[in-house]
S.K.: 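The structure's right below; bear with me while I get my questions together.
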Amino acid sequence: PAVLKSLQDLHSYHAATGNFQQIVDLHQDSGFPDAILGSRTLYIAYGSVDASVDFSDVDSGSVDVSDDRLSATITLPRPMLSPARIDPTRSYVYDQNEGALNKIGDLFSSNDHDQQQLNVLAVQKINAAAQQNSGLIARARENTRLMLSSLLRALGFTTVNVLFADEQP
């Protein structure tokens, strides 16, 4: 049976998730012709990255409520991106070519190292894609503002401002 190793309290709001498809071209060149020694693998990786806001440091100094208790301003840390998670049920090797000596070597060893290397490269590439204009941070800001505004309006506030520490008020 599975063994529960630990529990953790979460203090963050997962405001958006980006789903990515990434092609990884892993070419191992040996200096010999590829037909003799060398390999090339094309891997299609599917993965996701979350954008979340950490509420663990939000305290009374982060919330400003008007005297009439009708307006509130909340200052939060900027949204952060999680490391990419690869979905092994959807990711697959699209094409693989190996030299004759590589094929002989495969008889005596496993391909686990290659799969691990493909996953590491896929995670790096998806992390880079998420950082570059994916819109995840902007979506996280928007969703966090909507969630907190709805919550505070339900509590009777008529004006709610949600700011992030890296934005100008």
Side-chain angles (χ1 to χ4, degrees), residues 1-28 40-65 71-96 110-169:
V3 177
L4 177 64
K5 299 296 269 182
S6 69
L7 291 173
Q8 295 176 307
D9 293 331
L10 298 179
H11 301 282
S12 60
Y13 172 63
H14 289 253
T17 297
N19 296 301
F20 296 84
Q21 177 188 34
Q22 179 66 55
I23 297 173
V24 177
D25 184 357
L26 179 61
H27 183 239
Q28 295 175 342
R40 178 175 226 142
T41 304
L42 291 178
Y43 181 62
I44 311 297
Y46 288 86
S48 60
V49 175
D50 290 338
S52 60
V53 178
D54 183 3
F55 288 153
S56 62
D57 291 331
V58 175
D59 57 16
S60 61
S62 304
V63 181
D64 184 30
V65 177
S71 68
T73 300
I74 302 171
T75 304
L76 301 171
R78 75 179 298 276
M80 301 299 289
L81 297 177
S82 71
R85 293 173 313 282
I86 300 297
D87 182 350
T89 63
R90 296 182 63 208
S91 302
Y92 60 95
V93 173
Y94 175 76
D95 188 32
Q96 187 168 31
S110 74
N111 279 345
D112 290 344
H113 178 71
D114 289 344
Q115 185 65 44
Q116 184 179 26
Q117 189 176 9
L118 289 167
N119 283 330
V120 167
L121 289 170
V123 164
Q124 290 171 350
K125 288 177 177 255
I126 290 173
N127 283 338
Q131 293 285 341
Q132 300 169 357
N133 301 321
S134 68
L136 272 174
I137 295 292
R139 177 69 64 94
R141 289 179 199 278
E142 178 183 334
N143 290 347
T144 303
R145 283 187 175 107
L146 288 172
M147 182 272 298
L148 288 173
S149 294
S150 296
L151 178 68
L152 292 176
R153 284 195 173 94
L155 295 173
F157 289 90
T158 56
T159 304
V160 178
N161 295 309
V162 178
L163 304 173
F164 292 90
D166 61 336
E167 295 177 326
Q168 296 296 326

S.K.: Can Ile126 and Val49 be said to form a side chain to side chain contact (heavy atoms under 4.5 Å, CB included), step by step?
M.R.: CA-CA 8 Å; Ile126 290 173; Val49 175; 3.8 Å; yes

S.K.: Drop me the distance from Thr41's OG1 to Leu26's CG, to the nearest 0.5 angstrom.
M.R.: 5.5 Å

S.K.: Quick one: does Arg85's side chain get under 4.5 Å of Asp50's, heavy atoms only?
M.R.: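 Yes, at least one pair of side-chain atoms sits under 4.5 Å.
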
S.K.: Kindly indicate, with the supporting measurements, whether the criterion side chain to side chain contact (heavy atoms under 4.5 Å, CB included) is fulfilled by Val24 and Ile44.
M.R.: CA-CA 6 Å; Val24 177; Ile44 311 297; over 6 Å; no

S.K.: Got a second to check how far Asp64's CG is from Ser71's OG, nearest 0.5 Å?
M.R.: 7.5 Å

S.K.: Can you name the nearest heavy-atom pair linking Leu163 to Arg145, along with the distance?
M.R.: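 Closest approach of Leu163 to Arg145: CA-NH2, 4.5 Å.
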
S.K.: For the residue pair Ser149 and Val162, what are the closest heavy atoms and their distance?
M.R.: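 Nearest pair, atom of Ser149 first, then Val162: OG-CG2, 4.5 Å.
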
S.K.: To the nearest 0.5 Å, tell me how far Leu148 CG sits from Leu76 CG.
M.R.: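 Separation between the atoms: 6.0 Å.
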
S.K.: Are the side chains of Leu136 and Leu81 in touch, meaning some heavy atoms are under 4.5 Å apart?
M.R.: yes

S.K.: Just how far is it from atom NE2 of His11 to atom OG of Ser52, taken to the nearest 0.5 Å?
M.R.: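 Spacing of NE2 (His11) from OG (Ser52) equals 12.5 Å.
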
S.K.: Indicate yes or no: at least one non-hydrogen side-chain atom of Val123 is less than 4.5 angstrom from one of Leu121.
M.R.: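 Sidechains of Leu121 and Val123: no contact.
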
S.K.: To the nearest 0.5 Å, tell me how far Asp95 CG sits from Leu42 CG.
M.R.: 5.5 Å

S.K.: Step through the shown structure and confirm whether more than 12 heavy atoms of other residues, nucleotides or ligands are within 6.0 Å of CD1 on Ile23.
M.R.: no

S.K.: Would you check, one step at a time, whether the test side-chain hydrogen bond (donor to acceptor under 3.5 Å, both in side chains) holds for Tyr46 with Gln22?
M.R.: CA-CA 6 Å; Tyr46 288 86; Gln22 179 66 55; over 6 Å; no

S.K.: Hydrogens and angles aside, do Asp25 and Tyr43 bring a side-chain donor and acceptor to less than 3.5 Å of each other?
M.R.: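 There is no such pair between these side chains.
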
S.K.: For the CD1 atom of Ile86 and the CZ atom of Phe20, what is their distance to the nearest 0.5 Å?
M.R.: 11.0 Å

S.K.: Sequence neighbours excluded, which residues qualify as side-chain contact (heavy atoms from CB on, under 4.5 Å) partners of Ala15?
M.R.: Tyr13, Ala140, Asn143, Thr144

S.K.: Does this structure show an ion pair linking Arg78 with Asp54, if we count only N-O contacts that are shorter than 4.0 Å?
M.R.: no

S.K.: To check you understand the geometry: which heavy-atom pair defines the closest contact between Ile137 and Pro79, and what is its length?
M.R.: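 What the structure gives for the nearest pair is CD1-O, 3.3 Å.
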
